[in-house]
Q: 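Structure below; questions to follow.
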2 protein chains.
Amino acid sequence: MAVLQIFDKLLQFPLFQGMSRDDLEIVAGHTRFGFLKLNAGKTVMKSGDNCHQLYFLINGSLKVRSFADDYGYHVEEQISAPYIIQLEAVFGYNQRYTRDFIAQTDVNFLTLDKEEVVRLTEDFLVFRLNMINHFATQTQKQMRQVWYRAPQSLEDRVVRFLTQRCLYPAGHKTFNILMTRLAEEVNDSRLNVSRILNDMQHRGLIELSRGKIEIPQLERLLYTK
Amino acid sequence: MAVLQIFDKLLQFPLFQGMSRDDLEIVAGHTRFGFLKLNAGKTVMKSGDNCHQLYFLINGSLKVRSFADDYGYHVEEQISAPYIIQLEAVFGYNQRYTRDFIAQTDVNFLTLDKEEVVRLTEDFLVFRLNMINHFATQTQKQMRQVWYRAPQSLEDRVVRFLTQRCLYPAGHKTFNILMTRLAEEVNDSRLNVSRILNDMQHRGLIELSRGKIEIPQLERLLYTK
């Protein structure tokens, strides 16, 4: 890939935002990016795989599958370029992916070894601050969650359960979960949960089938109330 | 404070761990640390205050007060040196403290302006990696929380409510919360919550008074089951 093309692709990612044209040209020209092209249907990585590279999704879209800790249910959603796969997994205590990523369309990645990422944080102040600010913001947002008032109606609890488990707060989602498990998670009876879900289906917010809840547009769940 | 003393104090903090003796001497000698001494009872900062410095608690202990988003309840606990106050608040989207910190005993701080922190991340690879790894680990831990199975008994739900809202998973804690609010938060009746709390009091795990739950040792709540 030509330096100019890499340059254009990097501009799409918040990690590189605010860098001067000169700096970005140096990054594009002097950093050892890898290139990866995968056909639709191929697995990019599985939950538990070691993470020693950053994957910048520059074309196409991915199916992301996230699992409950005990694998009692899982969630599928779609993520489109530009997207960096689990930036936090290349550092810290647990340097493994915690979700499955599968090519939904043909996809292209730029890849960057961890050593190169560390070198960029050394050479470029803006890159370093972007990365630190990204992590600090993520931490701040997640630390707030616990202090929000618990939802008071069963429907609100179900909606919070669903939205808290999605990477991206909009678009199509599929929850592979039995109603008994959902009832346990929101602390209510299976019968009440079934009633609420059927009511939500009636209003076109979700579609139910055995062991599955399809959400055509998550944003409608959040804003129709 | 002499360079040698600063040196010794810095060694206690994970942010500086792994740095060579030479590097630490440079940090201790060439970084513009501030010094702050406060008497017991003085407020160090309040929730909502701007954060443009790191505070390294090097002597004494602090009372920390954390608030529900709607100020419907709050939690008090104690933190002892060595401790850095809300490292994540000096970067990211919301550069404000989100808790009150009050001197419980006479306390001493080393302080460090944000610009100096950024300079340290530039000059010292190990410091930079320590900081990035700290944030990544925090993010990883918090992202896991949502995927744990919901507790199935009311007592487990109460215990999870209490422990999730503490900074440090041991020691004495005071929850200033009405039973009706706790009942809402754990999604059960006031009567059932009252019954469980009284049972826990009977077992010596907590002490109840009006609008208040004292926990003598949080670790006992976690490990007596």
Side-chain angles (χ1 to χ4, degrees), chain A residues 66-75 86-96 98-99 117-119 121-125 128-129 131-152 154 157 160-161 164-165 167 181-188, chain B residues 66-75 86-96 98-99 117-119 121-125 128-129 131-152 154 157 160-161 164-165 167 181-188:
Chain A
S66 312
F67 301 89
D69 201 54
D70 62 356
Y71 292 90
Y73 60 90
H74 67 269
V75 184
Q86 292 205 257
L87 177 55
E88 79 285 352
V90 81
F91 292 106
Y93 171 76
N94 182 36
Q95 295 182 14
R96 289 171 184 276
T98 60
R99 305 170 198 260
V117 178
V118 172
R119 202 179 53 72
T121 66
E122 176 150 5
D123 294 348
F124 300 101
L125 173 67
R128 179 166 71 250
L129 287 177
M131 174 156 311
I132 293 177
N133 283 325
H134 166 82
F135 282 133
T137 300
Q138 229 176 1
T139 302
Q140 287 163 5
K141 279 188 192 165
Q142 283 172 342
M143 283 181 27
R144 282 320 292 164
Q145 298 260 351
V146 87
W147 299 101
Y148 294 132
R149 196 184 186 99
Q152 291 309 299
L154 175 56
R157 290 206 304 283
R160 186 171 299 183
F161 175 87
Q164 272 192 334
R165 281 154 187 79
L167 261 189
R181 176 64 185 259
L182 181 57
E184 280 179 25
E185 292 285 336
V186 298
N187 185 35
D188 213 313
Chain B
S66 312
F67 301 89
D69 200 56
D70 62 356
Y71 292 90
Y73 61 91
H74 67 269
V75 184
Q86 292 206 257
L87 177 57
E88 79 285 352
V90 81
F91 292 106
Y93 172 76
N94 181 36
Q95 296 183 13
R96 290 170 184 276
T98 60
R99 307 171 197 260
V117 178
V118 171
R119 203 181 52 72
T121 65
E122 175 149 6
D123 293 349
F124 300 101
L125 172 68
R128 178 166 73 250
L129 287 178
M131 172 152 317
I132 293 177
N133 283 325
H134 166 83
F135 281 133
T137 299
Q138 230 176 359
T139 301
Q140 287 163 5
K141 280 188 192 163
Q142 283 172 343
M143 284 182 22
R144 281 321 292 165
Q145 298 259 349
V146 87
W147 298 101
Y148 294 133
R149 196 184 186 103
Q152 292 309 298
L154 175 56
R157 289 205 305 281
R160 184 170 301 182
F161 175 87
Q164 272 192 335
R165 279 151 189 80
L167 260 188
R181 176 64 185 258
L182 181 55
E184 279 179 26
E185 293 284 337
V186 298
N187 184 35
D188 213 311

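Below, read A as the first sequence line, B as the second, and so on, with proteins coming before strands; counting in each chain starts at 1. Side chains included, hydrogens not; waters and symmetry mates left out as well; all remaining heavy atoms used.
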Q: About how many Å separate OG1 of T121(A) and CG of L125(B), when rounded to the nearest 0.5 Å?
A: 7.5 Å
Q: Would you mind checking if D69(B) and R144(A) are paired as a salt bridge, meaning a charged N to carboxylate O distance below 4.0 Å?
A: yes
Q: Checking the side chain of E184(A) only, and the main-chain atoms of A150(B) only, is there a donor and an acceptor separated by less than 3.5 Å?
A: no
Q: If I measure from the heavy atoms of chain B, does M131(A) come under 4.5 Å with its side chain, its backbone, both, or neither?
A: side chain
Q: With a 4.5 angstrom heavy-atom cut-off, is it the side chain or the backbone of Q164(B) that approaches chain A, or both, or neither?
A: both
Q: Give the member of Y148(A), Y73(A), F91(A), F161(A) that has the highest number of heavy-atom pairs under 4.5 Å with chain B.
A: F91(A)
Q: Heavy atoms only: give me the nearest L129(A)-V118(B) pair and the separation to one decimal.
A: CD2-CG2, 3.9 Å
Q: Which heavy atom of Y93(B) sits nearest a heavy atom of T137(A), and at what distance?
A: N-OG1, 2.9 Å
Q: Hey, which of Q138(A), Q95(A), E122(A), Q145(A) has the most heavy atom pairs under 4.5 Å with chain B?
A: E122(A)
Q: Does any non-hydrogen side-chain atom of W147(A) lie less than 4.5 Å from one of R165(B)?
A: yes
Q: Only counting residues at least two apart or in another chain, list the ones meeting side chain to side chain donor-acceptor pair (under 3.5 Å) with N133(A).
A: none
Q: For the candidates V90(B), D70(B), N94(B), which exhibits the highest count of non-hydrogen atom pairs separated by less than 4.5 Å from chain A?
A: N94(B)
Q: Do you know which two heavy atoms are closest between T139(B) and Q142(A), and how far apart they sit?
A: O-OE1, 3.7 Å
Q: Once rounded to the nearest 0.5 Å, what's the spacing between atom CD of Q140(B) and atom CZ of R96(A)?
A: 11.5 Å
Q: What is the distance from atom CZ of R128(B) to atom CZ of R128(A), rounded to the nearest 0.5 Å?
A: 6.0 Å
